[in-house]
Every structure is written in structure tokens, then in C-alpha cells.
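A short write-up of the structure that comes next.
Since we're looking at a predicted model, the values are computed, not measured. Residue numbers start at 1 and run along the sequence shown.
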Amino acid sequence: MEEKKYLKWYNKIGYGSGDIAGNVVYAFLTSFMMVYLTDSVGLASGVVGTLIAVSKLFDGFTDIFFGSMIDKTHSKMGKAKPWMLYGYIGCAITLVCCFTVPVSLGTTAKYAWFFISYTLLNGVFYTANNIAYSALTSLITKNSKERVQMGSYRFIFAFSTSLLIQAITVGFVDKCGGDAAAWRTVAIIYAIIGLVVNTISALSVKELPEEELNEGEVKDDNEKYGMVQAFKLLVKNKYYMMICGTYILQQLYGAMIGAGIYYMTWVLKNKNLFGQFAWAVNIPLIIALIFTPTLVGKWKGMYKLNLRGYVLAVIGRALVVVAGYMGSVPLMMAFTALAALGQGPWQGDMNAVIASCCEYTYLTQGKRIDGTMYSCTSLGVKIGGGIGTAVVGWMLELSGYVGKNATQPQSALDMMQFMYLWLPLIFDVLIMFALSRMNVEDANKKLKARWPEVLNAAGEWFDYQAQQYQKGVIPRDVLERGKAGIVSRLEGSGWFSDDPYAFEAINSGAVTDIASGLFRGAYKASGSDADNKTFVLKKFGIQLDSLSKEQKAVADALRRGYGWPPEVMAQALRELEKHRKASKYVSNAQITNEDISNMCAAIIFQNTQKAK
């Protein structure tokens with residue numbers, strides 16, 4: 001069945017144009033901020049790098065904070081659009097401040113001015129704007145193909161803007177006078193352009209109603225979590241961690257390419273080559289982005305396309321190293337273009353992969369945290385780009401580089417060569433490895449494939465518990481709590497994450513145990529009678545002092561209230577040693593409470609099957 005379409009062509013283009021605004025900030029900042037501070041303002045590159053690194057400590061908290069705030073926002077404009085729209089006002093102001101360090105100030109005051117402006121830009125305003133912009137991918141459409149197309153449109157605009165800024169800024173600054181005041185003028189012009197385009201982009205799309213996003217039902221309970229729980233939800237999703245790491249590596253890569261302005265100026269002796277290499281990077285990326293949606297459909301997913309693309313990127317960057325040592329600028333440009341062509345597909349479908357990552361958390365944890373999940377985009381951009389810029393500063397300082405000197409020592413030239421040739425290759429290899437493990441689409445398909453079986457098994461379990469209620473084994477309130485718990489978990493699609501064994505059983509195929517885990521996790525039997533344990537053990541002839549340490553622990557746990565009928569508890573304890581090696585419910589290495597609890601589940605299910 002063909003997926004429902006939500007967007008017109010102008011919605012996709014309008015959304016994509018938002019990255020013009022984003023890259024007016026990002027490309028300008030990462031490519032030229034260090035050069036401005038060292039060569040025009042006269043600050044030390046090592047100190048600037050350290051200030052950037054300190055600023056990143058603050059950024060880590062604000063990413064999760066703003067992601068959580070977006071998830072909890074309810075307004076007429078939606079959840080993300082207000083943050084995207086109003087956040088950019090602060091971006092425009094602080095971008096200008098970063099390039100308006102007063103030359104009349106003392107050295108310490110100059111560092112303080114830069115640090116405050118940079119931290120507010122990256123840690124507050126850019127964070128709010130960029131996370132909201134990225135989150136719109138999953139909030140304005142549920143169609144997977146449209147999400148890929150949105151990513152392609154977005155990054156076509158992103159790389160086009162990056163190309164333009166990298167190609168014209170050096171000449172633009174020179175025409176404006178080439179001094180610190182010229183950088184301020186250029187920054188003001190860029191900030192105004194970004195503010196206008198961001199407003200148009202935000203108003204060009206409309207978020208879907210929450211009822212539609214949640215399959216017809218608004219689940220307010222899914223949003224009741226704080227920053228600590230949001231962080232836990234993120235780290236439980238291994239694909240989020242992979243994407244976040246990949247994003248950071250990409251930005252480190254970009255920072256090294258941006259440091260090419262030093263390589264072109266001092267090693268190749270022609271700073272205007274920086275703009276030419278920008279064409280070699282961005283034009284192939286744009287071409288790849290155009291074809292990415294078609295290739296995703298042809299290869300039936302994003303995983304193979306992304307991995308094969310980065311294999312090509314690694315080959316391309318390796319050849320750039322060879323050409324660099326040969327001293328051939330034309331070959332360096334050609335192989336730079338080859339590497340960029342391979343990187344394009346991942347850039348185009350990245351947001352769609354993050355949307356799949358959101359779905360993975362929803363399937364495994366029962367929480368919809370789109371805004372928080374998209375914090376990886378802002379977190380990666382800021383930590384990767386910021387630390388990358390800081391590393392550039394540290395390396396230049398270590399090598400003996402002094403911005404206002406007419407010549408540079410050989411150690412500085414060697415460092416520039418290492419940064420521009422070798423580090424991008426190393427980062428591409430690491431990204432390729434991460435992408436080889438990032439098959440989140442397949443993981444989601446496997447989770448969804450188990451759902452019909454879980455529904456059936458859950459129904460069988462509830463039928464059995466209803467029979468136990470009729471026999472007087474369990475009270476009515478336990479039955480009702482169990483029923484409510486099952487309904488809640490099935491509606492939330494959360495795979496009853498309060499029972500880790502149940503989720504593990506999804507992949508092993510033990511569907512009946514998933515259902516038992518669901519029911520067991522749905523309620524706690526009273527078990528408040530202090531003599532309950534002794535009564536059960538004596539009734540079935542089991543002496544407490546004859547039990548192993550693990551069995552005693554299990555008896556206590558069962559007495560506290562897993563809710564199993566007493567005879568089943570006793571049977572599980574008696575037969576534990578007999579099943580120790582044969583049963584898949586018992587660990588050969590160590591008997592745990594969870595092992596015995598799952599054995600109880602197996603016994604009840606077997607009895608149910610026999611009764612049928």
C-alpha cells in the first residue's frame with residue numbers, strides 16, 4: 001500500500017530553504033571565525049580554542065533541555081515552529097556580536113566578549129532553532145519518502161549556501177576594507193539574510209495534529225519526563241548514540257576542511273584556492289543529494305546507500321592525500337569531488353534515519369521524543385564543529401603559528417598539511433565504520449514483525465488470568481490492574497520496557513514469555529502478609545534452610561509480589577535444578593530472580609496449553 005502524502009512541492013522547498021539560514025551562521029562561523037580572531041583582532045589561536053572547548057560543556061546540557069522543551073510545547077503553531085522562528089532572532093544578534101569584538105578593548109575583555117557571544121549563539125539560540133528545524137522532519141509528515149526528500153532539499157540548500165559563503169566571503173571582506181570593521185559589515189548582511197529566510201521557511205510548513213502523529217490518540221503520559229529521564233531514553237537507543245557520534249565526526253571533518261584557508265594561504269600560497277576547493281566539495285554533494293531519494297527507493301532503504309557512499313568517500317580522501325604529496329592541485333580537486341560525491345547520500349537521508357531512530361525509541365520504550373531525539377543534530381554540529389575549531393586553534397598554537405607574521409615556521413606548515421590531508425581521511429574511516437552498524441530500518445521492521453504474535457500471546461495470557469480469577473486464585477483488583485496494564489502497554493507499543501527480559505525475548509522468539517512479562521509487569525500482587533513466604537514453603541514441603549542463596553532471594557522476591565499462584569512458585573523452586581541446564585529460561589552460569597520468574601511464566605503457559 002502506498003504511503004499517504006502530506007507535502008506539496010513548495011512545502012518541501014520552503015522547509016529546505018531553512019538551511020540557508022542555518023548555514024549563514026554555521027558555515028560563516030566555522031570557516032572564518034578563527035581567521036578573523038587571529039589575523040584581524042590579534043587573539044591567540046590556542047586561547048580561542050580553549051574558550052570554545054569550555055563553551056561546549058554548556059552546550060551539552062542545552063541540547064537535551066531544548067529538545068525536551070520542544071516535546072512538551074503545545075501551541076497554535078505546533079511544537080517546533082515557535083522555537084525555530086523566535087530562536088533565530090537571537091542567532092542573528094549574537095552572530096554579529098561574534099564578529100564585532102571592539103578593537104579598543106583590552107586583551108582579556110576581547111576574550112570575554114567573544115566567549116559570551118559565542119556561548120549564547122551556540123549554546124542557546126542556535127540550539128533552539130536547529131533542533132526545532134530538524135524535528136520538523138517527523139512532525140510535518142509521516143511519509144518515509146517525503147522525509148528523505150526533505151533531507152535532500154534541506155542539504156541542497158545547505159551545501160549551496162556553504163559553497164557560496166566559502167567562495168565569496170574572502171573577496172567580500174577585502175572589498176569592504178579587509179579589516180575588523182569589514183568582518184562586522186559582512187556579518188550584519190549575513191545575519192539579515194538568515195533572519196528573512198528562516199522566517200519564510202518556518203511559515204511554509206504546518207505541523208500535523210498530535211492525534212495523527214500518535215495514530216489517532218494523544219498520549220500525554222508519554223511526555224511526562226524530565227531531563228534525566230530524557231537522557232536515559234537517549235542513551236538506551238544505540239542508534240541515537242551512533243548517529244550522534246557520526247554527526248560529531250562529520251563536523252570535525254568539516255572543521256578540518258574549513259581550516260583549509262590556512263593550508264591554501266601558507267602551503268599552496270594562494271588563499272583564493274579555498275573558494276575553488278569549496279566548489280569541488282559542494283557541487284558533487286548537491287548532485288548526490290538530487291539523486292538520493294531515487295537511490296533510496298532503488299536499493300530499498302538507506303543503509304546500503306549510506307555505507308557504499310562512504311566507502312567511495314574513504315577512497316576519494318585517500319587519493320587526496322596522495323595528490324597532496326605529489327603537489328598536484330588539479331588532482332586534489334578531482335579526488336575531493338569524488339569523496340564529496342560519496343558523502344552526499346548520508347547528508348541527504350540523515351534526518352530520515354533520525355526519524356527511524358525516533359520510531360525505534362517509540363517501539364522499545366513507548367515514548368515519543370522527537371524533539372529530544374533530534375538534539376543529536378544540534379549536539380553534533382556544536383560539539384563537532386566547536387571542538388573541531390578548538391582543535392585547529394590548539395594545533396596551530398602548538399606548531400608555532402602567529403597570525404600577523406609575514407612568514408610561518410616549517411612546523412606550522414607541516415601541521416596545516418596534517419590537518420587538511422590526513423585528519424579528514426581518518427574521520428571518514430570512522431564514519432564508514434559507524435554506518436556499517438547503523439541498520440535501524442531493519443531493527444524497526446523486526447520489532448514490528450513481532451507485534452501480531454505478541455497481541456495473540458497477550459490475549460492467551462489474559463484468558464488464563466481470567467480463569468485464575470474465576471477459581472479464586474487471584475483477586476479481582478489484581479485482574480483489573482493486569483488488564484489495564486496490558487491495554488496501556490499495547491496502546492503505547494512500548495514493548496513493556498519495565499521488563500528487560502521481555503524485550504530480549506522479542507529477538508529470541510519467545511513470544512509467550514513476552515506476554516507473561518507484560519502481564520507480570522502490569523501489576524504487583526499484594527503479598528503483604530509477613531508469613532506468606534513461610535506458609536508457601538511449608539505447605540509444599542520445602543524448608544527455607546535447604547534452599548540455595550539464589551533460591552532464598554527468589555522466594556523473597558516472589559513473596560513480595562510477582563503475583564504467581566503459590567503452587568506455581570513452589571513447582572518452579574522444586575524443578576529448578578532439573579531444568580538448570582536444559583531450559584532456555586535458566587542461565588547456566590548463575591540463577592537469578594529473573595530466571596526463576598520466567599520459569600514460572602513457562603510453567604503457567606504449559607499448563608494453559610495442556611488444559612486446551
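Summarising the geometry of L85 relative to A202, their closest heavy-atom pair is CD1-CB, 3.9 Å, with the distance given to 0.1 Å. Contact between L37 and V41 at its shortest, heavy atoms only, is O-CB, 3.5 Å. For M432 against V314, the heavy-atom pair with the smallest separation is SD-CG2, 4.0 Å. Between P424 and I257, the closest heavy-atom pair is CG-CD1, 4.1 Å. Across every non-hydrogen atom of F28 and V24, the tightest pair is CB-O, 3.1 Å. Shown here for K271 and I261, the closest heavy-atom pair between the two residues is O-CD1, 4.2 Å.
Q250 places a side-chain heavy atom less than 4.5 Å from the side chain of Q347. Using a 4.5 Å cut-off on side-chain heavy atoms (C-beta onward), M33 and F114 make contact. A heavy-atom distance below 4.5 Å is not found between the side chains of N11 and I140. Side-chain contact between S201 and M84 is present, with heavy atoms from C-beta onward closer than 4.5 Å. Put simply, the side chain of C98 reaches to within 4.5 Å of the side chain of L121, judged on heavy atoms. Within the 4.5 Å cutoff, the side chain of I354 has no heavy atoms near those of the T137 side chain. Side-chain contact check for R317 versus T336: some heavy-atom pair is nearer than 4.5 Å. Residues K145 and P293 form no side-chain contact, since every pair of their non-hydrogen atoms from C-beta on lies 4.5 Å or further apart.
A side chain to side chain donor-acceptor pair (under 3.5 Å) with Y190 holds for exactly one of N23, T185, T169, T161; it is T169. Each of V281, I283, N282 was scored for a side-chain contact (heavy atoms from CB on, under 4.5 Å) with W279, with one residue passing: I283.
Under the 30°/60° scheme for interplanar angles, the aromatic rings of W83 and F66 are found to stand perpendicular. Taking the six-membered ring where the residue is Trp, F32 and F274 present perpendicular rings, their angle passing 60° and hence far from 30°.
In summary, the aromatic rings of Y420 and Y263 are positioned with their centroids under 6.0 Å apart.
Checking side-chain atoms of K12 against main-chain N and O of M150 turns up no donor-acceptor pair under 3.5 Å. Not a single donor-acceptor pair under 3.5 Å links the side chain of Y153 to the backbone N or O of Y15. Using a distance-only test at 3.5 Å, with no hydrogens or angles considered, no donor-acceptor pair links the side chain of Q417 to the main chain of V267. S162 places no side-chain N or O within donor-acceptor distance of the main-chain N or O of A158, the cut-off being under 3.5 Å. Y36 places a side-chain N or O within 3.5 Å of a backbone atom of F99 that can act as its donor or acceptor partner. Between the side chain of S411 and the backbone N or O of S399, at least one donor-acceptor pair lies under 3.5 Å. Not a single donor-acceptor pair under 3.5 Å links the side chain of S55 to the backbone N or O of L51. Here the side chain of T265 pairs no donor or acceptor atom with the backbone of Y262 at under 3.5 angstrom. Side-chain atoms of S436 come within 3.5 Å of backbone atoms of F433 as a donor-acceptor pair (strictly under, hydrogens ignored). A donor-acceptor pair under 3.5 Å links the side-chain atoms of Y88 to the main chain of A21, judged by distance alone.
Here L268 contributes atom CG and M416 contributes atom CE; the two are 11.0 Å apart, rounded to the nearest 0.5 Å. Expressed to the nearest 0.5 Å, how far CG of L331 lies from CG of L338 amounts to 12.0 Å. Once rounded to the nearest 0.5 Å, the distance linking CD1 of I52 with OG1 of T119 reads 9.5 Å. Summarising the geometry, atom CG belonging to N122 is positioned 9.0 Å from atom OG1 belonging to T62; distances are rounded to the nearest 0.5 Å. The structure places CG of D349 at 6.0 Å from CG of L305, a figure rounded to the nearest 0.5 Å. Atom OG in S31 sits 8.0 Å away from atom OH in Y26 (nearest 0.5 Å).
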Test F157 against V197 for side chain to side chain contact (heavy atoms under 4.5 Å, CB included), laying out the working first. CA-CA 11 Å; F157 281 107; V197 175; over 6 Å; no

Evaluation steps, side chain to side chain contact (heavy atoms under 4.5 Å, CB included), between F277 and Q166: CA-CA 9 Å; F277 271 88; Q166 291 173 358; over 6 Å; no

Trace of the side-chain hydrogen bond (donor to acceptor under 3.5 Å, both in side chains) decision for N272 with Q276: CA-CA 7 Å; N272 292 321; Q276 296 177 33; over 6 Å; no

Test log, rule side chain to side chain contact (heavy atoms under 4.5 Å, CB included), inputs M395 and L423: CA-CA 12 Å; M395 286 183 164; L423 284 181; 3.9 Å; yes

Side chain to side chain contact (heavy atoms under 4.5 Å, CB included), that's the test. Do V235 and M241 meet it? Break it down for me. CA-CA 7 Å; V235 298; M241 302 304 291; 4.1 Å; yes

Could you go step by step and tell me if W394 and T50 meet the side-chain hydrogen bond (donor to acceptor under 3.5 Å, both in side chains) rule? CA-CA 8 Å; W394 291 331; T50 301; 3.0 Å; yes

Given side-chain hydrogen bond (donor to acceptor under 3.5 Å, both in side chains), test R147 with S356 step by step and report yes or no. CA-CA 10 Å; R147 286 173 174 173; S356 294; over 6 Å; no

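Atom CH2 of W266 is surrounded by more than 12 heavy atoms from other residues, nucleotides or ligands within 6.0 Å. Counted within 6.0 Å of CZ on F115, heavy atoms from surrounding residues, nucleotides or ligands total more than 12; the atom is thus considered enclosed.
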